[in-house]
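The structure under discussion appears below in the form of structure tokens.
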Amino acid sequence: MTTTLVPGRPATRPGPAPVPGDLLGTVRIPAAELHAAARAGAHKPLLDRFFPPCDAHGNRLGRSAAYYQPRAALPAAAALADTLGLLDRNVPTPHLRHALLDNLHNLAAASAYALWHDLTDRPAGPGDPRPAALDRLLDAATTTVTALHIPQPHTQPVAVTPADLELLTGLKSGWRSFRELDNHTKIMNELRFLAEHVLLPRPGITGMLAPLYGSLSLALSARALLPVLVDRPIQVHLVRLGFHDQSAVPYLGAGGTIRHDATAPAPHREALAAAASGATVLVVDDNVGYGSTLRAARTLIEQLGGQAITRSVESAWTLYHRSGLHDIADAADLPSLRPNLHHSIQKRLTGHLLRGDARGYARDPAHHAYGTLHQQMRDSFDLALSTGTWSSGQLAAMRAELGHATAWAEPPVPRPVTLTAAA
């Protein structure tokens, strides 16, 4: 693979949305599919480890503690891939197939980030195996996430070699418990919105930049699908950049600049610099609270001689209620009306799984939020109008998103007051 994330064109256009998941994107696997998989020869201990029972009827969750412990689960990647091949050949199990692809993608994406983190902080020297391993992992993560969106009879994930496995398990830092945006239904809705309302009306946009770690699955999906949706090449680039959970990284340079060397391994920095110079780059982050990451990404693109158009998949509209001083109108050129799935709720839900309490996860009141997503987005739009800080262009983008969202089937986000009471 080349050092930039230059998208390859899949053989077919994106099909229907992936199997719908819950608030985090976790699917429920019917008991009948598990029985069919067992009859086909699937290894029961593997299924038990990755897909825990969530009710008295034998239905299971598509994620377990293993999903949020990728370094420990990585040795099982080959067995997961073998099970996927077994089912593809023998029995239709759409929910279980989705869960297998989801877990394979998660392992590859989490491993790619750990290597990205390591190579950024410890640059590669001659003969270093890490850059090639990073390329293989990015390919594996792209292959699996593409298969979630494009119908194809068989999926052959890129293998993690024994040497790669040894290298990865030796990494002590860079392993993250969850990506804020790894809900594949939401990702597909976002990519279709970007294609129809951002990229097609702006043919001058030739590249996309995604801050890591939360946007990695979005970026890898975009790498495969955006060129098909807009029928032109779109280069997708990554940077490690964030001020909430990566505050220990010294991103800020002299005079308000961004230290590009702190964001990516050298070949990827060079590729972004070449692509951004004199170009317009779409920056898409998973969520925006105070706008620090989007502003920093804009600064970086401008340092490299380009122009940035910024977008966030979710926005923390609740912050407008907390403080009249909160304003991200200068950070998000194309603000999303989706409310933000706050980190505290994600941690609570993943905490159920990490404790092995799949039934507690399934019963958590966060899955029964008031209203619908579209109603929440209408409320966000009314709030945006009341602030008086947004431009006519930004409000037009919000209206376009609100219209596009009538077809979305994403779960609504629990209200903060409900979360506090239920915690």
Side-chain angles (χ1 to χ4, degrees), residues 1 8-19 21 25-52 58-64 66-67 69-112 133 135-166 168-169 182 184 187-188 217 220-221 223-225:
M1 192 180 80
R9 178 171 299 226
T12 58
R13 296 187 66 81
V19 174
T26 305
V27 300
R28 303 296 200 274
I29 307 170
E33 290 193 16
L34 272 300
H35 296 324
R39 289 194 298 270
H43 190 49
K44 185 176 183 301
L46 182 76
L47 300 180
D48 290 342
R49 179 184 179 189
F50 283 87
F51 311 120
N59 301 311
R60 300 199 178 206
L61 293 179
R63 296 176 184 175
S64 69
Y67 190 93
Q69 298 169 331
R71 182 168 177 259
L74 191 59
L80 290 171
D82 288 345
T83 302
L84 176 64
L86 174 72
L87 297 181
D88 276 350
R89 291 189 301 272
N90 293 287
V91 58
T93 52
H95 296 81
L96 179 54
R97 185 178 190 274
H98 179 106
L100 286 163
L101 286 166
D102 186 33
N103 276 269
L104 283 164
H105 169 70
N106 177 65
L107 290 175
S111 299
D135 285 348
R136 284 191 292 271
L137 288 163
L138 290 171
D139 273 343
T142 303
T143 298
T144 46
V145 79
T146 303
L148 285 167
H149 297 286
I150 298 178
Q152 45 193 297
H154 300 287
T155 301
Q156 183 58 50
V158 180
V160 177
T161 68
D164 290 348
L165 182 60
E166 182 178 359
L168 289 164
T169 54
D182 60 354
H184 301 292
I187 286 172
M188 192 68 246
S217 289
L220 295 171
S221 300
R223 176 192 179 200
L225 302 180

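When a residue number appears, it is its place in the shown sequence, counting from 1.
The shortest distance between side-chain heavy atoms of S221 and H149 falls below 4.5 Å. In this structure the side chain of R28 never reaches within 4.5 angstrom of the side chain of N59, judged on heavy atoms. Contact check for T144 versus L148: no side-chain heavy atoms found under the 4.5 Å cut-off. Contact check for L61 versus I29: no side-chain heavy atoms found under the 4.5 Å cut-off. A 4.5 Å side-chain heavy-atom check between R63 and D102 finds at least one atom pair inside the cut-off. Residues Y67 and L107 fail the side-chain proximity criterion, which asks for heavy atoms closer than 4.5 Å. Looking only at side-chain heavy atoms (C-beta outward), R60 and E33 stay at 4.5 Å or farther from each other.
One finds the CZ atom of R89 at 9.5 Å from the CG atom of L84 (value rounded to the nearest 0.5 Å). We find the NE2-OG1 distance between H98 and T26 to be 8.5 Å, quoted to the nearest 0.5 Å. Note that OG of S64 is 8.0 Å distant from CD of Q69, once rounded to the nearest 0.5 Å. To the nearest 0.5 Å, atoms CG (D182) and CG (L220) are separated by 12.0 Å. To the nearest 0.5 angstrom, S111 atom OG is 4.5 Å from L168 atom CG. We find the CG-CZ distance between L138 and R223 to be 6.5 Å, quoted to the nearest 0.5 Å.
Pairing each heavy atom of N103 with each of G62, the nearest pair is ND2-O, 2.9 Å. Here the shortest heavy-atom pairing between V91 and A40 reads CG1-CB, 4.1 Å. Residues H105 and A141 share a closest heavy-atom pair of ND1-O, 2.9 Å. Considering all non-hydrogen atoms of both residues, A66 and R49 come closest at CB-NE, 4.3 Å. The shortest non-hydrogen separation linking A31 to G58 is CB-O, 3.5 Å. Here the closest heavy-atom approach between residue A224 and residue T142 is recorded as CB-CG2, 4.1 Å.
Remark: the D164 side chain and the T161 side chain contain an N/O donor-acceptor pair separated by less than 3.5 Å.
With hydrogens and angles ignored, the 3.5 Å screen pairs a side-chain donor or acceptor of T169 with a backbone N or O of E166. R97 places no side-chain N or O within 3.5 Å of a backbone atom of T93 that could act as its donor or acceptor partner.
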Walk me through whether I187 and S217 qualify under side chain to side chain contact (heavy atoms under 4.5 Å, CB included). CA-CA 8 Å; I187 286 172; S217 289; 3.8 Å; yes
Take M188 and L225 through the side chain to side chain contact (heavy atoms under 4.5 Å, CB included) test and state the conclusion after the steps. CA-CA 9 Å; M188 192 68 246; L225 302 180; 3.8 Å; yes
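Of the options T83, L100, D82, a side chain to side chain contact (heavy atoms under 4.5 Å, CB included) to L46 is made by T83 and by none of the others.
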